[in-house]
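See structure below.
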Amino acid sequence: MRPASRGRVRRNAIPLLLVLAALACSSDLAGPGLAPRSYLMGFSAFPPNFSSTALVLQVIDTWAPRADAALMHQDVPWAAMLAGTSAAAEVRGNELNLVNYYRGKGLALVFTIDVTNGLDRSQEAPALVAAGRSISDSMIQRLYGEYVSAVDSILHPAYLGLAAETNLIRVAAPAPIYDALVLMTNAAAAERRLAGTTAKLYVSVQAEVAWGRLQGAPAYVGIAQDRADFPFIDALGISSYPYLAGFLQPEDLPLDYYARIAGSTPVLVVEGGWASASTAASTSSPALQARYLRRQPLLLDSARAVGVFQIDFTDLELSAFPQPYPANLPLFISLGLVDTTLAPKPALAVWDSTFARPR
């Protein structure tokens, strides 16, 4: 069982009507006398189901007033690129419309490129597996580099993640896969530096792996290998799902849970959360989720974090996913701060109280 990234839905092809939709400005919720926060806050466009573009817009419009930034967590469009579509055409035809919509709302952009299988870090991306290809192939690495270049040069994110959960990939995947990941991300980072990128580059690591909680003995492991293998990083991304790693209540998380991993490197929590419903691997409730949202700002403050994001603003409908869905997907369907009808959970008010702190 792999409790880290729910991986991610990757490539919401939002049509042109997004650009033409009415653009609402984010409201300023900051109040007097509140302690300032150092970090951006936000979500992704991921909806509870894929029934309509109107629902995607409704989701974004619901969370945008309580966010400074938008997160995009995208798979490389392997199938399209292998079929001959250029990376630039993919980015302009898919991501750009959504980014323009975000920018119309005054939201900064944080973009993570996911290279392997987000639901099973022992495996490569499903599209590559289906095509009988691997990131160990030099041609596939070239396509990855082209996609990184297109995302950066067309979308101009403030933060650009070149890989997700590198320490978990190193633990779970065959060594040649991790070695290829190191090679291709470093090559892409070097190319982007030469091109004069303004994005702050990062990779993400899995917090529970760094703390040794998924390896059978809860002893701190750290990320020294990741720092050595990805020396180009300007910031460090963190994914964290502590409810699936033996933490029974949020208050058990040490205050340096992020800070010890980050050290002096600016840190963004780029995915994670605490489920509001019990799963086969954990017991939870809406109240417990709200307590996590009260605990998390203490961890962020301790680390002087620069960002915190939840991929899921809403809960997910299992019926919306292709059947049979991945076995561990039910572990992640109740991470939203609203349910599948967009009705608020107690955690939403806690998020709003943190967002109200001036930045």
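Every value quoted in this text rests on a predicted model; they were computed, and no experiment measured them.
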Please walk me through it: do Trp63 and Tyr102 pass ring-ring contact (aromatic ring centres under 6.0 Å, His included)?
CA-CA 11 Å; Trp63 62 251; Tyr102 287 148; 5.8 Å; yes
Does the distance from a Lys or Arg side-chain N to an Asp or Glu carboxylate O, for Arg142 and Asp137, drop under 4.0 Å?
no
Check whether Tyr39 forms a cation-pi arrangement with Arg304 (NZ or CZ under 6.0 Å from the six-membered ring centre, at most 45° off the ring normal).
no
Do the side chains of Asp68 and Lys105 get close enough for a salt bridge, i.e. N-O under 4.0 angstrom?
no
Within a strict 4.5 Å, meaning less than it, do heavy atoms of the Leu82 and Ile140 side chains meet?
yes
ring-ring contact (aromatic ring centres under 6.0 Å, His included): which pairs involve residues 197-239, sequence neighbours left out?
Trp211-Tyr220, Trp211-Tyr257
Distance from Asp301 atom CG to Gln296 atom CD, nearest 0.5 Å?
10.5 Å
Can you check whether Ala275's main-chain N or O pairs, donor with acceptor, with Ser284's side chain at less than 3.5 Å?
yes
Please assess Leu181 against Val115 for the test side chain to side chain contact (heavy atoms under 4.5 Å, CB included), listing each intermediate value before the final yes or no.
CA-CA 8 Å; Leu181 184 72; Val115 183; 3.9 Å; yes
Verify, without hydrogens or angle tests, whether Lys200 (side chain) and Ala158 (backbone) share a donor-acceptor contact under 3.5 angstrom.
no
If the condition is ring pair (Phe, Tyr, Trp, His ring centres under 6.0 Å), which residues does Phe111 pass it with, not counting sequence neighbours?
none
Going by an N to O cut-off under 4.0 Å, is there a salt bridge joining Glu251 and Arg295?
no
Answer yes when Arg193 and Asp234 have at least one side-chain N-carboxylate O distance shorter than 4.0 Å, and no when they do not.
yes
Is there a side-chain contact between Phe355 and Arg37 (heavy atoms, below 4.5 Å)?
yes
So, Arg192 side chain and Thr197 main chain: donor-acceptor pair closer than 3.5 Å or not?
no
With the side chain counted from C-beta on, respond yes when Asn49 and Leu55 share a heavy-atom pair under 4.5 Å apart, and no when they do not.
yes
Dump the intermediate steps for side chain to side chain contact (heavy atoms under 4.5 Å, CB included) on Leu316 and Phe332, then the final yes or no.
CA-CA 8 Å; Leu316 306 178; Phe332 304 100; 5.7 Å; no
Quick one: does any side-chain atom of Gln249 pair with a main-chain N or O of Asp252 as donor and acceptor, under 3.5 Å?
no
Only one of Ser334, Ser282, Ser240, Pro242 clears side chain to side chain contact (heavy atoms under 4.5 Å, CB included) with Trp274; which?
Pro242
For residues Ile223 and Val221: do they belong to one hydrophobic cluster (side chain heavy atoms under 4.5 Å, members Ile, Leu, Val, Met, Phe, Trp, Tyr)?
no
Are side-chain heavy atoms of Leu331 and Leu244 found at a separation under 4.5 Å?
yes
